[in-house]
Trainee: 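This structure is in structure tokens; I'll ask about it shortly.
Quick note on labels: first sequence line is chain A, next is B, and so on, each numbered from 1.
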Amino acid sequence: MISMAAIRNEFLEELWLPLIIEGGIQFYPALRKNKKMKTLVFTDESLYQEIITIINARITNEDNVFAWTDTLFKTSRLQTYRPVKVVGSSRFEDSAQENIITLSSNFPFDILSIDFSCQNVQDEPQRLEKELDCIEQIIKVQREKISIGGFVLFYTTFLGSHPLSSNEIKQSSDSIRIENWNGLSTNILPNNAISDDDKMKVIECTIFQFAQKHRLTVNLKKRVSNFNPNNKKLYSIGGIFKVV
Amino acid sequence: MPRFTVKGLGTETKSIYQHQLTWGRNNWHESLTQHATEIEQLMNKLSTLEIWNSKLQSSPAAKELIPEIWMDNYVSITLACIGLYKHATMSLRSSLETGLRLVYFFQHPIEYSWWKKGSRFGQDRERHDVWGPSYEYFGLLFSEFENECIKDGKDLFKQQKCLPTLYNSLSGSIHTQAKRLQTTSGYSPKYNRAKFCEWKEFFFITNTYLNIILTLGFPNQFKNLLASDKSKIIDIGIGDYYNDKVKKILRE
């Protein structure tokens with residue numbers, strides 16, 4: 001059985017790191033090394049390989065890494081072993097609005113790895129819808145704090161066994177009003193996505209539209225991998241979001 | 001920044017450092033050899049606090065006090081495992097006290113701001129805390145639950161006073177009652193099965209009561225939890241004796 005750490009390493013090597021490096025070149029072309037890109041990482045105290053890798057690649061340094069973990073146990077251990085700033089110790093989507101307020105003084109970030117798979121994910125109905133709502137709220141705050149350039153953002157999660165409702169996503173998203181935006185278009189998407197392929201299609205289309213809504217362009221890239229024999233799939237999608 | 005070396009320490013400082021590392025390590029090993037499974041169970045029980053921590057982030061009181069409750073319990077495990085049973089129990093009383101205050105302050109943000117500024121609000125000469133004499137506040141707030149327990153011959157606040165009994169028992173360590181003396185068996189703390197088991201029971205009950213108080217204190221937040229989180233609080237956090245009563249009160 002392939003381990004979670006091995007999958008995340010694969011994602012890191014093949015998706016996250018190349019996009020982060022590319023983002024660094026585009027947003028900080030004058031700095032060849034030691035870019036010190038401000039980074040928000042949802043991490044697990046035993047799986048913080050992504051933090052070590054991007055620090056070793058001289059994309060950022062410990063002073064510019066802000067970690068979010070889902071428990072007080074993990075925070076305590078992370079603070080013991082890695083001298084990074086831990087900005088949150090709760091399951092993010094449980095109190096998304098309050099958590100974004102908590103983080104607000106730290107925005108904007110250059111890199112955001114919003115990895116819900118680190119958060120002791122429970123396979124419950126409406127989980128993906130809630131996570132996507134968090135993603136939009138984060139993109140919204142990012143966009144409010146920048147007028148030029150952009151950022152690199154990844155969304156990582158388990159696809160899970162429950163259907164994904166594009167109507168639910170639309171309802172949450174449309175409650176976040178933006179001038180000249182007529183609402184999320186879900187016409188071409190299955191309302192209740194059941195298969196993993198359909199879920200991935202809905203997620204990709206949704207994030208693409210979040211970017212458009214908040215006046216950003218993005219070319220999304222993704223990876224998916226089977227986690228265990230129960231066919232639990234870990235999915236990551238991300239890209240370089242640029243201000244229009 | 002200066003680097004730490006043992007060599008550079010003064011004689012007495014070096015001695016206390018090495019001495020404490022030695023008995024600390026030995027007692028950890030002995031405690032885990034005898035009780036590793038139980039420690040795992042207690043850690044699991046403590047992890048129910050994480051659910052409350054995630055759910056109650058909108059309250060400034062919860063945001064600050066839940067990590068403190070967690071840390072008191074976490075440190076209590078450490079202290080018990082290195083053989084400091086009196087101190088481990090002191091830490092449990094601190095966690096219980098903070099948990100009780102949390103339920104009150106959640107509903108009373110103005111009083112919370114006074115308390116944060118150092119006011120000894122609510123602590124009158126009879127040493128009652130914000131919950132009033134005989135846990136009056138909780139007795140009234142959770143009267144339906146209390147009546148359910150009384151029907152069953154056991155209660156939390158009023159007649160047999162399970163919670164006050166626990167609180168007073170834990171206080172025995174804070175006020176160093178004779179049976180809680182740390183140094184009776186020597187000056188180098190040692191693993192002691194009876195004392196470990198007594199502490200383990202205190203830990204278990206303290207965390208059971210904390211979960212009852214939080215569940216009854218935040219019923220709407222409890223109802224909005226994920227099904228798996230509710231089950232964890234009911235089955236592991238509260239456990240066998242009180243879980244049916246809590247479910248009945250919350251219509252779960």
Trainee: Would you find more than 12 non-hydrogen atoms of other residues, nucleotides or ligands less than 6.0 Å from B:Leu9 atom CG?
Mentor: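 Enclosed.
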Trainee: Residue by residue, scan residues 46-53 of chain B and write down, ordered by number, those that have a heavy-atom distance under 4.5 Å to chain A; if none do, write 'none'.
Mentor: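 B:Leu46, B:Ser47, B:Glu50, B:Asn53 fall under the 4.5 Å cut-off.
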Trainee: Would you compute the distance between atom CG of B:Leu226 and atom CD of A:Gln122 and round it to the nearest 0.5 angstrom?
Mentor: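 Answer rounded to 0.5 Å: 6.5 Å.
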Trainee: For A:Glu98, is the CD atom crowded, meaning more than 12 foreign heavy atoms sit under 6.0 Å from it?
Mentor: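 Yes - once you tally the heavy atoms of other residues, nucleotides and ligands closer than 6.0 Å, there are more than 12.
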Trainee: CD/B:Gln57 to CD/A:Gln97 distance, rounded to the nearest 0.5 angstrom?
Mentor: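 Between atom CD of B:Gln57 and atom CD of A:Gln97 there are 13.5 Å.
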Trainee: With chain A as the partner chain, list the residues of residues 228-252 of chain B whose heavy atoms fall under 4.5 Å from it, by residue number, and write 'none' if nothing qualifies.
Mentor: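 Within residues 228-252 of chain B, the residues that come under 4.5 Å of chain A (heavy atoms only) are B:Ser228, B:Asp229.
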Trainee: For atom NZ of A:Lys140, decide whether the heavy atoms of other residues, nucleotides or ligands shown that lie under 6.0 angstrom number more than 12.
Mentor: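 Counting neighbours around NZ of A:Lys140, 12 or fewer heavy atoms of other residues, nucleotides or ligands fall under 6.0 Å, so no.
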Trainee: For residues 21-38 of chain B, give me every residue with a non-hydrogen atom less than 4.5 Å from any non-hydrogen atom of chain A.
Mentor: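 No residue falls under the 4.5 Å cut-off.
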Trainee: Taking everything shown except A:Lys36 itself, do over 12 heavy atoms lie less than 6.0 Å from its NZ?
Mentor: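 Counting neighbours around NZ of A:Lys36, 12 or fewer heavy atoms of other residues, nucleotides or ligands fall under 6.0 Å, so no.
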Trainee: Side chains of B:Lys63 and A:Ser90: donor-acceptor distance under 3.5 Å anywhere?
Mentor: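 Note: B:Lys63 and A:Ser90 side chains miss the donor-acceptor criterion.
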Trainee: Heavy-atom cut-off 4.5 Å, strictly under: side chain, backbone, both or neither for A:Asp70 against chain B?
Mentor: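 The backbone, not the side chain.
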Trainee: Tell me the residues of residues 70-84 of chain B whose non-hydrogen atoms fall below 4.5 Å from those of chain A, in number order.
Mentor: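 The residues closer than 4.5 Å to chain A, in numerical order, are B:Trp70, B:Tyr74.
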Trainee: Return the minimal non-hydrogen interatomic distance between B:Ser54 and A:Asp94, and the atom names on each side.
Mentor: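 That would be CB-OD2, 3.4 Å.
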